[in-house]
Peer 1: 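Next up is a structure, given as structure tokens.
The figures here come from the full heavy-atom set of this structure, side chains too, leaving out hydrogens, waters and symmetry mates. Order of the sequence lines fixes the chain letters, A, B, ..., with proteins taken first and strands second; residue numbering starts at 1 for each chain. The shown structure was predicted, so the numbers you read here are calculated from the model rather than taken from an experiment.
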There are 4 protein chains.
Amino acid sequence: MRRVLPPDERRAELLTASRAVFAELGYHQTGISDIVDRVGCSRGTFYNYFDSKREVFAAVLETMMGEVTGVIEPIDVTRDIPSQVRDNVERIVRGIMAEDVLRVLFSEAAGIDAEGDELLREFYSGATERIETALRTGQQLGVVRDGDTRLLAWCLLGLLKEPVFQARLYGEDVAVSALVGELLALISSGLLRG
Amino acid sequence: MRRVLPPDERRAELLTASRAVFAELGYHQTGISDIVDRVGCSRGTFYNYFDSKREVFAAVLETMMGEVTGVIEPIDVTRDIPSQVRDNVERIVRGIMAEDVLRVLFSEAAGIDAEGDELLREFYSGATERIETALRTGQQLGVVRDGDTRLLAWCLLGLLKEPVFQARLYGEDVAVSALVGELLALISSGLLRG
Amino acid sequence: MRRVLPPDERRAELLTASRAVFAELGYHQTGISDIVDRVGCSRGTFYNYFDSKREVFAAVLETMMGEVTGVIEPIDVTRDIPSQVRDNVERIVRGIMAEDVLRVLFSEAAGIDAEGDELLREFYSGATERIETALRTGQQLGVVRDGDTRLLAWCLLGLLKEPVFQARLYGEDVAVSALVGELLALISSGLLRG
Amino acid sequence: MRRVLPPDERRAELLTASRAVFAELGYHQTGISDIVDRVGCSRGTFYNYFDSKREVFAAVLETMMGEVTGVIEPIDVTRDIPSQVRDNVERIVRGIMAEDVLRVLFSEAAGIDAEGDELLREFYSGATERIETALRTGQQLGVVRDGDTRLLAWCLLGLLKEPVFQARLYGEDVAVSALVGELLALISSGLLRG
DNA sequence: AATGAATGAGACTTCATTCAT
DNA sequence: GATGAATGAAGTCTCATTCAT
């Protein structure tokens, strides 16, 4: 009944379970019970490793953040740039589509409470900055047209988030390659003809 | 102490207060108390007009939905199309920026509960269909390039939602005209140069 | 919309409606709304005629009490007594079976509140006394065997109430003549053979 | 302040307290507060053990049902039957008289709500069937006269319930032996003389 | 005499968190 | 380090009753 584990393993176990449960039920519908039941430990144990429900959610997001940004490869200016952009977009889309719990982040992480919003700000600040850096580099290389990089970064974020969000809402899967195609077309030449 | 009002006025009063409170605190942080305290009536009165917290949220969204879509003007093909598109985009952006509670819808309405998600689905189905219709018309007119209208509609939604969401997150205001400019540029010719 | 009635008529109308609704839904499930909706008047009007839900229930019971006891015919000792007993039993059974709201009285009137219990006590005191009087008369006539008339009165009450209660519980109707037969057999010679 | 108990004990404690409170106040007048105050634990603790007020009432009834039916001894046909019947009747009467909360069941359990009525139906179905079985056996042994066993079972139920109910109503105690005497006399030879 | 909007106490219930073991 | 019973604040919602009109 009592299962003693080295702290690191127990923590990892709880983190994994939390990620799965948050992904399945969403933040608000998830109870601590759902997490500890999945792990097979007690409520008390959970609180030995995390201070609160929000904290474990934060921890889940943090581990994810690393995984998502890890798939991005820096552009090598000596090689064909468009194909590298395409590859990056595809990797990112695949990455966030695969990460079910991101959908939760994208759709209901806001408004949990004041500290939760702070967490969210940090998350998005990081993401936005990365995108802005990439955009500025592109502008310097003459690949990206001029414009307010912050607004553009938000727009790009929206392009990536919304399909994920909508797909979750309807419980559908999205054809990644089709989506990547549309995104690239949008980025490269917009929506209008001619 | 007791303030008697015609039902329509009381309902409107409650609706307005609800909208304001939801906008300020978000859905989950809002309690019925916050709403009735603002109106200056009793809990019971609230429940004479709405069956539940979710229902009043739904009602708020419904009134908003009308206001937002109301600003869209149908395109007149005998006149200059790009400028009409620009005007519509600007009106929409202004509309949703002005509507604080939309930020709540955009950021935390998901995951309330099963019926709440159904409500959300209806909301987004409606919006997506409208956009798709517009896109298909544009395609027939030769103004919009080919592509999966559903995916494109989602992308457009994302372009509109994300800046609103981000602005709320940081408690900032966005320069509408700058944003409209970037959006139009994105739509008309993408992000990449040449 | 506004329907002005002489007080007596309005009161009678409310009383009739209350009786019907209590009979259908039971005391606890009945709301003032159910009563006034049936009458087609406002809540306020109801409270012009009755002080409370319990009071209208009391009034309903009172009118009923009269109707039920009214069917009992005094025994005429110069005529055949058993057949008069049979006739009375049959009339009583028919009377209480017909009076749907009696089932409510029999099954859930207790425990409403302190005053409600007082009301119930009065109701049953009256009934018990009537039965005891009849029993004592019977004993003096040598028709009824000796015994504690109070306990016997309760037993008779139980014999009358329980079938009504059970029938309501299962939503069934009872064959009155069969029931009367069994009751008379029980009264006249008990349950055991020989 | 915090009192930790093994679940079985806590549950038993809550059950005992519930039984006492229901017996004292009746179902409708009883609040969860009354129960937990008596136990000296928190509302939350109550809900760790029972899902609802109705459920704890059901649990109380269930434990009681067992106690009451447990006192009945099967008739041994090789021994004197009437005295065994007398003993059983006496044990049953004593059993239900001792069980204060049965008075609540007998007087106000109906009409709580749809599920409550279902519970009641099950309770009475069980009781009625037991009695019917006993009656049929008696008929086969030639001890009980012919008759509709269901109606007779209801009559017997009524004979047992009503004195209990009346005693509660007046806050009186009943002389059990006198009652048993009257019941047996009624059963064996009815109410009428000769 | 009639209306019906307003009231508010109090009911039941949930669940993140604590802490004695 | 682990347990899980206990907590209690906070939430939503009901409905008999009141009273301004």
Peer 1: Whole angstrom is fine here: how far is it from CZ in Phe50(B) over to P in dA6(E)?
Peer 2: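 To the nearest whole Å, that distance equals 12 Å.
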Peer 1: Here's a test of your reading of the structure: between Val4(A) and Val4(D), which maps to the more 5' nucleotide of DNA chain F?
Peer 2: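 In this pair, the answer is Val4(A).
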Peer 1: Strictly below 4.0 Å: does Ser42(A) bring a side-chain N or O up to OP1 or OP2 of dT3(F)?
Peer 2: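 Result: yes.
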Peer 1: Please state how far atom CZ in Phe46(A) lies from atom C1' in dT18(E), giving the value in whole angstrom units.
Peer 2: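 My rounded result for the distance is 14 Å.
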Peer 1: Considering just the side-chain nitrogens and oxygens of Arg2(A), establish if one lies under 4.0 Å of OP1 or OP2 belonging to dG1(F).
Peer 2: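 Looking at the OP1 and OP2 atoms of dG1(F), neither is under 4.0 Å from any side-chain N or O of Arg2(A).
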Peer 1: What integer distance in Å separates Lys53(B):NZ from dA10(F):P?
Peer 2: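 Distance, rounded to whole Å: 14 Å.
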Peer 1: Any base atoms under 4.0 Å from Gly44(C), or only sugar-phosphate, or nothing? Heavy atoms, all strands.
Peer 2: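 Contact class for Gly44(C): base.
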Peer 1: First locate atom OG1 of Thr45(D), then atom CD1 of Ile35(D), and finally report the distance between them rounded to the nearest 0.5 Å.
Peer 2: 13.0 Å
Peer 1: Going by purine N1 to pyrimidine N3 plus the second Watson-Crick contact, or the G-U wobble pair, all under 3.5 Å, which nucleotide sits opposite dA16(E)?
Peer 2: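 Here dA16(E) is engaged in a pair, and the nucleotide opposite it is dT7(F).
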Peer 1: Taking CG from Leu25(D) and C1' from dG10(E), how many angstroms apart are they, rounded to a whole number?
Peer 2: 16 Å
Peer 1: Remember a base hit wins even if backbone is also touched, and classify Ser52(C) as base, sugar-phosphate or nothing at under 4.0 Å, heavy atoms.
Peer 2: sugar-phosphate
Peer 1: Hey, what's the ring geometry for Tyr124(B) with Phe165(A), parallel, tilted or perpendicular (30° and 60° as the breaks)?
Peer 2: perpendicular
Peer 1: Using atom CD1 of Ile35(A) as one end and atom C1' of dC15(E) as the other, report the distance to the nearest whole Å.
Peer 2: 13 Å
Peer 1: Taking only side-chain N and O atoms of Arg10(A), does any of them lie within less than 4.0 angstrom of OP1 or OP2 on dA2(F)?
Peer 2: yes
Peer 1: Just call it for Pro6(D): base, sugar-phosphate, or nothing, with non-hydrogen atoms closer than 4.0 Å on any strand.
Peer 2: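 Counting heavy atoms under 4.0 Å across all strands, no contact is made by Pro6(D).
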Peer 1: Examine the base of dT3(E) for any acceptor or donor lying under 3.5 Å from a partner atom in the side chain of Arg43(C), and report the outcome as yes or no.
Peer 2: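 It does not, because no donor-acceptor pair links the side chain of Arg43(C) to the base of dT3(E) below 3.5 Å.
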Peer 1: For the ring-ring contact (aromatic ring centres under 6.0 Å, His included) test, which of Phe22(D), Phe123(D), Phe50(D) pairs with Phe57(D)?
Peer 2: Phe22(D)
Peer 1: Applying the Watson-Crick and G-U wobble criteria at under 3.5 Å, what pairs with dT21(F)? Answer none if nothing qualifies.
Peer 2: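 dA2(E) - that is the nucleotide pairing with dT21(F), both distances being under 3.5 Å.
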Peer 1: What is the separation between atom NE2 on His28(B) and atom C1' on dA16(E), rounded to the nearest whole Å?
Peer 2: 16 Å
Peer 1: Could you tell me the separation between the CD atom of Glu9(B) and the C1' atom of dG4(E), rounded to a whole number of Å?
Peer 2: 15 Å
Peer 1: Toward the 5' end of DNA chain E, which comes first, Tyr49(C) or Thr45(A), by nearest nucleotide?
Peer 2: Tyr49(C)
Peer 1: Measure from CZ on Arg11(A) to P on dG1(F) and round the result to the nearest Å.
Peer 2: 14 Å
Peer 1: Within the distance-only criterion (no hydrogens, no angle test), does the side chain of Tyr49(A) pair as donor or acceptor with the backbone N or O of Leu15(A) below 3.5 angstrom?
Peer 2: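 No, Tyr49(A) side chain to Leu15(A) backbone: no donor-acceptor pair under 3.5 Å.
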Peer 1: Could you check whether any side-chain heavy atom of Leu14(B) comes within less than 4.5 Å of a side-chain heavy atom of Val56(B), counting everything from C-beta outward?
Peer 2: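 The answer is no; the side chains never approach within 4.5 Å.
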Peer 1: Both conditions, 6.0 Å and 45 degrees, for the charged tip of Lys53(A) above the ring of Phe46(A): are they met here?
Peer 2: no
Peer 1: Can you tell me if Tyr47(C) touches the phosphate of dT18(F), counting only side-chain N or O atoms and a distance under 4.0 Å to OP1 or OP2?
Peer 2: no
Peer 1: How do Asn48(C) and Ile32(A) order along DNA chain E: which one's closest nucleotide is nearer the 5' end?
Peer 2: Asn48(C)
